[in-house]
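First the structure, in the form of C-alpha cells, and then the observations on it.
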Amino acid sequence: MLEVREIDLISNKGFIKDYVNGSYLSDQFFEYTYNDEDKFKKRIDHLLTKTYKRDELADYLLETHNSLAYSNQACSQIEKLRQPNSVVVVGGQQAGLLTGPLYTVYKAMSIIILAKQQEEKLNVPVVPVFWIAGEDHDMDEIRFVYKEKRGTWKKHQYDDSSKSSSASSLKIDKAEIQKWLNELFSTFPETAHTKNLLVNLTSLSEKSSTFVDFFRYVMNWFFGNEGLLLLDAHDPIIRKMEIQYFDQLIMDVEQVQKAQQKGAQAFAEAGYGEPILTDYSNAHLFLEVEGERKRLDYDQGVFSVKGTDIVYSKSQLSTLLHKYPERFSNNVVTRPLMQEWLLPVLAFISGPGELRYWATLKHVFTHFEVEMPPVIPRIQLTFIPSVVQKWLAETDYELKPFLLGRMEELRESWLEKATEYPVSEVIEQVKSNILSDHQPLRDLAKDMDPTLAKLSEKNRSIIENQIAFMEKKMKKFVRQSHDSTLAKFTETGKWLAPLNRPQERIFHPILLMNVIGEEGFRRLVSTNMSVNHIHKVVYL
C-alpha cells in the first residue's frame, strides 16, 4: 500500500475556508452544507421523488463503452443505473491531451472513491460518472501538456491545421499526434516503464478519430477497471435527450439571466469576489454556426448570435433546437442544471474554481424548482518521489513550505546561513567607503567645469559597476561551492511545486506513470482515501 498523509493547505480566510467550516456566509449559497454528515441520506430521499431517462441514458452508455476495454465492468455499472433507486457521483473536465493536468485524474479518483464509499454506507447502487465537456471550444487549453526543458517546465503544444467548433468534433492527425508523443517522450528520463507507455499511447491514438475519442480511451485505460462511466456531454444522442431541457432554458431565458446576476451579486457582496464575469445580455447558451461555437445573447425579446447579424425569436430558436439539437450547448451557468436534469446526482465533485462558481447558481436552480446536489471538493494531491522524500528526511525540512512554492526563499535562506564569506557585508562597506571618499572629487569637478562634473559622475558609475561585477563573481563562487546542496533544493521544488504552482496543475499523469509504472499508478488510483478538502501527500 502507498503511504497517504493529509496536510491542510487552505488559507486561513476566504470562501473555501468558510465553505468547509460551515460558515453562514458560504452556507447560504448551497442546499446542503459541506459538514452535514446526513447530507447524502437527505439527498437520496429527495432523488427518490424524481424520475430520469435511465434506460435511454443506459443504452447510450452501453453503446459507447462496448468499443472500450473493461466493457464488463462498465456493463455492471450501466445495469445499476437502470435501477430506479440508483444514483450517481459525477464530475467532469474538458478533453485534454493525455487527460491534461493530473487534477483530471484526481477528480476521477474522487468520483470513484466517493461512489464506492456511499454505496456501502447508503445501501443503494451508486454509479461513478465522468462528464466529458466535449462541447468545449477552447482548443488552446486542451492541445498541450508541460514538458521539462533545460531544467524548467515548458508547454508542449500539439499543432495542426484542424479547425473545429468543439473537442468532440476536433479530428486528430495520426502522424502529428505520433510526432507530438515522440517529442514528449524524448524529454522523459528513461525508466523501465517508458517504452511500454509510449506503445500503449500510440495504440490508443491510432484508434482515435477525435480529441474526445483519445481522451475517452486514455481515461478508460486508467479507470475502466474501476467501472468509471464516461459520458460525452456533446454526443448527438445526449443532445437529443436534452431537447426538452434546452427548451426550458430558451423559454425562461429572462429568469435565468436575472437569477444568475442575483447569485453573482450576492456572492460578491459576501466578500468572495466574482468567479463568473459576464454581462446581463448573456443567454448562457451556445449555438454552432457554420462550424463555430458561438455565444447566444438575449435582449429585448430577441436572441442574437454574438459576432454575427443572426437573430432568433424564442419560437424560432426552439424550432431550430428540435431540428438540430447537436448544435446547442451549455455554458458554465447552465451546464450544472443540465447535468441535474439528466442524472440522479448524489454528489457533484468539484475543483476549487468550480466550487466558487457553483456558489453563484442557487437562484438559477431554484427558478426551475431543481435542488442543488451536495458539492464535494475533489481530492487534491501531491506525490513525493523517493529521492525527494529521502532528502527532506535527511535535512529535516518541513514539506508544507515546498508545497506552497517557497523553495527559492528556503534555498536562499540556507545559502545565506551556510556561506562562510561575508560577501554582502564587505561589498556594502566598500561601496559606502569608496563613494564617500569619491564625493570630494565629484564636488571639485562640479566647481571646476560642467564637462568634468559629468565625467566624475561617469567615473563614479564605472567604480560602482566594477564593485557590482566583483560582487556577482564572488556570489557565483559561493553558489558554486554549494552547488550540490542548492541543486537538491531546486530538484525538490521542481517536483513539489513546478513553476511555483501546485504539482497537479503542471504535471500530467504520464509523468507519474513513467516513475511508478502502470501497476503503481493503478495502486494509487484504487487507494481508499477521504474525499475532502484536505490536501493529500502520497509517498511513492
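None of these values were measured; they are calculated from a predicted model.
- With rounding to the nearest 0.5 angstrom, the CZ atom of R501 is 4.0 Å from the CD1 atom of I506.
- Of all heavy-atom pairs spanning L321 and D247, the tightest one is CD2-N, 3.5 Å.
- For Q157 and K147, the side-chain atoms include no donor-acceptor pair closer than 3.5 Å.
- Closest approach of Q77 to V126, counting heavy atoms only: OE1-O, 4.2 Å.
- Taking the ring centroids of Y19 and F29, they lie at or beyond the 6.0 Å cut-off.
- Remark: D173 does not engage K179 in a salt bridge, criterion side-chain N to carboxylate O under 4.0 Å.
- A ring-centre distance under 6.0 Å is not found for W153 and Y146.
- When atom types are taken as modelled, the side chain of T104 and the backbone of G100 share no donor-acceptor pair closer than 3.5 angstrom.
- Here the CG atom belonging to L228 is positioned 4.5 Å from the CD1 atom belonging to I112, to the nearest 0.5 angstrom.
- Residue pairs meeting the salt bridge (charged side-chain N to carboxylate O under 4.0 Å, His left out) criterion with at least one member in residues 79-99, sequence neighbours excluded: D55-R82, D59-R82, E79-R82, K80-E119.
- Rounding to the nearest 0.5 Å gives a distance of 11.0 Å between CD of E183 and CD of Q178.
- Counting heavy atoms from C-beta outward, V537 and L381 have side chains that stay 4.5 Å or more apart.
- Side-chain N/O atoms of E518 and W221 include a donor and acceptor closer than 3.5 Å.
- Within the cation-pi definition used here (under 6.0 Å to the ring centroid, within 45° of the axis), R505 qualifies as a partner of Y103.
- Closest heavy-atom contact between H508 and L102: C-CG, 3.9 Å.
- Remark: R143 is not positioned above the aromatic ring of Y158, lacking an NZ or CZ atom under 6.0 angstrom from the ring centre and at most 45 degrees off the axis.
- No donor-acceptor pair under 3.5 Å is formed between the side chain of N514 and the backbone N or O of I510.
- With sequence neighbours excluded, no residue forms a ring-ring contact (aromatic ring centres under 6.0 Å, His included) with Y32.
- Side chains of Q73 and N225: a donor on one and an acceptor on the other come within 3.5 Å.
- Every residue two or more places apart in sequence or in another chain that forms a ring-ring contact (aromatic ring centres under 6.0 Å, His included) with F303 is listed here: Y298.
- With E56 contributing its side chain and K53 its backbone, the two residues share no donor-acceptor pair below 3.5 Å.
- Residues passing the ring-ring contact (aromatic ring centres under 6.0 Å, His included) test with F365, sequence neighbours excluded: W358.
- Residues satisfying the ring-ring contact (aromatic ring centres under 6.0 Å, His included) test with F222, not counting sequence neighbours, are F521.
- Taking the ring centroids of F214 and Y217, they lie at or beyond the 6.0 Å cut-off.
- With sequence neighbours excluded, no residue forms a side-chain hydrogen bond (donor to acceptor under 3.5 Å, both in side chains) with Y52.
- Between N220 and A69, the shortest heavy-atom contact is ND2-O, 2.9 Å.
- Here the closest heavy-atom approach between residue R54 and residue Q83 is recorded as NH1-O, 3.1 Å.
- Taking 4.0 Å as the cut-off between side-chain N and carboxylate O, D297 and R295 count as a salt-bridged pair.
- Put simply, the side chain of T308 gets close to the backbone of I310: a donor and an acceptor are under 3.5 Å apart.
- Looking only at distances, a side-chain donor or acceptor of T202 sits under 3.5 Å from a matching main-chain atom of L198.
- Side-chain contact, H284 with N331: a donor N or O sits under 3.5 Å from an acceptor N or O.
- With sequence neighbours left out, E254 forms a salt bridge (Lys or Arg N to Asp or Glu O under 4.0 Å) with K314.
- Evaluation of the salt bridge (Lys or Arg N to Asp or Glu O under 4.0 Å) rule for D309 yields no partner, not counting sequence neighbours.
- The aromatic ring centroids of F15 and F267 lie less than 6.0 Å from each other.
- Judged by distance alone, the side chain of S86 and the main-chain N or O of L81 form a donor-acceptor pair under 3.5 Å.
- Formation of a donor-acceptor pair under 3.5 Å by the K174 side chain with backbone atoms of E206 is found in this model.
- A search for salt bridge (Lys or Arg N to Asp or Glu O under 4.0 Å) contacts involving K116 returns E226, not counting sequence neighbours.
- Here the rule is side-chain hydrogen bond (donor to acceptor under 3.5 Å, both in side chains) with E504, and of H535, R378, K107 only R378 fits it.
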Residue pair Q257, K262: steps toward the side-chain hydrogen bond (donor to acceptor under 3.5 Å, both in side chains) verdict: CA-CA 9 Å; Q257 290 173 319; K262 185 177 179 182; over 6 Å; no
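- H65 and Y70 have their aromatic ring centers separated by at least 6.0 angstrom.
- Counting only residues at least two apart or in different chains, salt bridge (charged side-chain N to carboxylate O under 4.0 Å, His left out) contacts with residues 229-242 comprise E135-R239, R239-E242.
- The closest donor-acceptor contact from the side chain of W180 to the backbone of H156 lies under 3.5 Å.
- Using a 4.0 Å cut-off between charged nitrogen and carboxylate oxygen, D27 and K39 do not count as a salt-bridge pair.
- The structure places OG1 of T64 at 8.0 Å from CG of L229, a figure rounded to the nearest 0.5 Å.
- Every pair passing salt bridge (charged side-chain N to carboxylate O under 4.0 Å, His left out) that includes a residue from residues 359-377 is listed here, sequence neighbours excluded: R43-E371.
- The nearest pair of heavy atoms linking R335 to N330 is N-CB, 3.6 Å.
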Can you give the donor-acceptor pairs under 3.5 Å from side chains of residues 268-275 to other protein atoms, not counting sequence neighbours?
from, atom 1, to, atom 2, distance (Å)
E269, OE2, Q265, NE2, 2.9
Y272, OH, D18, OD2, 2.6

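- Using a 4.0 Å cut-off between a side-chain N of Lys or Arg and a carboxylate O of Asp or Glu, K536 and E6 qualify as a salt bridge.
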